Amino acid sequence: MGQTLFDKIWDAHVVSSNEGFPDILYIDTHFIHEVTSPQAFDGLRNRGLPVFRPKQTVATADHNVPTIDQHLPIKEELSRYQVDMLTKNCKEFGIELYGLGHPFQGIVHVIGPELGITRPGGTYVCGDSHTSTHGAFGAIAFGIGTSQVEQVMATQCLLQSRPKRMKIEVNGKLHKGVGAKDIILYIISQISAAGGTGYAVEYAGHTIRSLSMEGRMTICNMSIEMGARCGLIAPDETTIEYVKGREFAPKGEEWDKAVAYWKTLYSDADAQFDEVLSFKAEDIEPMITYGTNPGMGIGVTQHVPETASFEAKEQGSYKKALEYMGLHDDEQLLGKPIDYVFIGSCTNSRIEDLRQVAEFVKGKHKADNVTVWVVPGSKQVQEQAIREGLDKIFDAAGFPLREPGCSACLGMNEDKIPAGKYCVSTSNRNFEGRQGPNSRTFLASPLTAAASAITGKVTDIRTFLKEEELVS
Amino acid sequence: MATKIFKHIQTSVVPLPIENIDTDQIIPARFLKATTREGFGNNLFRDWRFDENDNPKEDFVLNHPTFSGKVLVAGKNFGCGSSREHAAWAIADYGFDAVVSSFFADIFKGNALNNGLLPVQVSDDFLKKIFDAVYADHKAEIEIDLEKQLIIISATGEQESFEINPYKKACLINGYDDIDYILSKKELIQQFENSAL
């Protein structure tokens, strides 16, 4: 019987498999950042151990970094301490750090792919749940806790049980104005925030294949939001083209050898999945979330569900979510005034996201009631945006381009949404307090976020597309 | 570093019948700036437990005078969201030895097991029975026997068995540690690197 893509990669990385024990899985690259690593470094010190393979460990500072005046010392004392600690630890243990000021600095899940570190067929882990992003290259990539960060530092391996395999197929043609973010928000709304728990999810089908690498990363990034261990997409010409020529991508003969291997990375036609789900691209509208987990999403023209439509035992949690969001049963979000728009995070801060937003806002201006933050995912994305003149378009539109970091996705730096305020956010989570204590988050695509910034209220991007089509 | 040992407990419980409790609720991001593993219990469920002036919210169960115990009982899909192990540290640091739910997020489950905090996954029915028992009598006790993989409601004697990976069970009972285990296979790792890389 054939093998799934996931099993091919997993089997190629098993160091030891013993009955009754999880497998010992070899990790090609370990990404680390300042938040989930300090206790792991302490653990190594306590055990008197070095980092086993420091050259396969890549460090950056992202969660705590300010997004303005990055050349100045970090003002917030605890943030500065945590970033300084990473610098000190990396120095002591011989790890390359792309810290503040380094041309490669950025969100860990943005820099791995753009530097050519993330490649098809590899295994990648990081103490951050959105490590699933790297699966877009046809790799096994997942988030781990700090004890496991210590484990990988100490051994370059991870003790892991093989998850079940799920295939999610999306076929058909997307409507205009609907993109990768809408696809994944739609899938999660259909299967719930726990629908993928225990699974490695392979995304397949023509609609997925037609996406750019940036779009594929957006999809895989949010695999964790349905509870999946990881998400992955078989590599193809789009993948190979993206990796080619990047800083750390293989070169010359190594490249040819690598590409030959990557071409073997697909699920065999007769491979068995534990679960297969299919969705139609035509059913997907621009999406928006109304609740306090990413599964609570609707098409932007739809209404918030009625409490009575849920099972009795779920109604309490549902009411609590609506109360937190300041919404009521059957309310339509379309037209609801908003206060902030955040375009950024490891989900939607890549150059393609910024280009798409810039193209849309060119010649327009944000509404007075809205504050807009555009936060690039990396120093390289920021510089590319400036080279392409996107920063000028953003400035003219009242969308200032900031400096790279995780920013208002989780507000570990100064970028927090104030209590009670509504934010249309391209990030990945709408949990209570996620963007700041008592902040209220509507998750959406970069286009929906940009359109909402222009009108000052939750907006269906398609209304603009119609107007613009008429004009042209 | 040895894992905390867990074998058997009998205790009253703290009920939190909310579904999809994410790790941002268990420990909000602004408290992740500490660089040691200690002290996170003070900020466990911070924004549900305290108002903006740091006064305890009376209606939150951790501030309720009659609910207490070594086990947190929560609605399904507990621990979803961020991989932050700080969530498991906060729960353990606060004084819980186990969390019972009808469904756990994968990463949280792994983090809990690595910190001697036992995640006990029960059926929706059994979870309801625990909530019923504890709302009928706030001091109602449950018993968790890891060796037999059983959870028992003491007052009614109702019980259910629960699953746990045999290796992780042995780790909890004996205080083993994953790193010691993997390092005992160091030669295999080097062999793997020589052949595969």
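Computed from a predicted model, the values in this text were never measured in an experiment. Note on naming: letters A, B, ... go to the chains in the order of the sequence lines (proteins, then strands), and numbering restarts at 1 for each one.
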Review point. Less than 4.0 Å between a side-chain N and a carboxylate O, is that true for Lys129(B) and Glu160(B)?
Key: no
Revision key, fill the gap. Residues at least two apart in sequence or cross-chain that pass ring pair (Phe, Tyr, Trp, His ring centres under 6.0 Å) with Phe45(B), listed by chain then number, are Trp48(B), Phe60(B)
Point to revise | Pick from Ile182(B), Asn165(B), Ile18(B) with the largest number of heavy-atom pairs that fall under 4.5 Å of chain A | key: Ile182(B)
Check your understanding: Hey, are Ser17(A) and Asp23(A) close enough side-chain-wise for a donor-acceptor pair under 3.5 Å?
Key -> yes
Exercise for review: Let me know if Gln190(B) has heavy atoms under 4.5 Å from chain A in its side chain, its backbone, both or neither.
Suggested key: side chain
Revision key, fill the gap. Counting heavy-atom pairs under 4.5 Å with chain B, the top scorer among Ser129(A), Ser16(A), Pro294(A), Gly43(A) is Ser129(A)
Point to revise | Residues from residues 428-438 of chain A approaching chain B under 4.5 Å (heavy atoms) | key: Arg429(A), Phe431(A), Glu432(A), Arg434(A), Pro437(A)
**Study point:** Short N-O contact, Glu314(A) and Lys76(B), less than 4.0 angstrom
**Key:** yes
Check your understanding: Hey, would you say the Tyr26(A) and His13(A) ring centroids sit under 6.0 Å apart?
Key -> no
Point to revise | Greatest number of heavy atom pairs closer than 4.5 Å to chain B - which of Gly316(A), Cys157(A), Ser37(A) | key: Cys157(A)
Exercise for review: Could you tell me which of Leu32(B), Leu188(B), Ile21(B) has the largest number of non-hydrogen atom pairs under 4.5 Å with chain A?
Suggested key: Leu32(B)
Check your understanding: Of all of Ile144(A), Asp42(A), Thr292(A), which one pairs up most often with chain B through heavy atoms under 4.5 Å apart?
Key -> Ile144(A)
Practice item. Return the set of residues passing ring pair (Phe, Tyr, Trp, His ring centres under 6.0 Å) with Tyr261(A) (not counting sequence neighbours), or none when no residue passes. Key: none
Exercise for review: Examine whether an atom of Lys168(B) lies under 4.5 Å from a heavy atom of chain A, and if so say whether it belongs to the side chain, the backbone or both; otherwise answer neither.
Suggested key: neither
Practice item. Classify the angle between the aromatic ring planes of Phe78(B) and Phe108(B) as parallel (below 30°), tilted (30 to 60°) or perpendicular (above 60°). Key: perpendicular
Check your understanding: Between Glu150(A) and Arg37(B), is there a salt bridge with N-O shorter than 4.0 Å?
Key -> yes
Study note, to complete from the structure: Across all chains, not counting sequence neighbours, the ring pair (Phe, Tyr, Trp, His ring centres under 6.0 Å) partners of Phe310(A) are Tyr318(A)
Exercise for review: Pick one of side chain, backbone, both or neither for Lys128(B), based on which atoms fall under 4.5 Å of a heavy atom in chain A.
Suggested key: neither
Check your understanding: Taking atom types as modelled, is there a side-chain donor on Glu143(B) or His8(B) under 3.5 Å from an acceptor on the other?
Key -> yes
**Study point:** For chain A, the option from Asn77(B), Ile107(B), Asp22(B) that forms the most heavy-atom pairs under 4.5 Å
**Key:** Asp22(B)
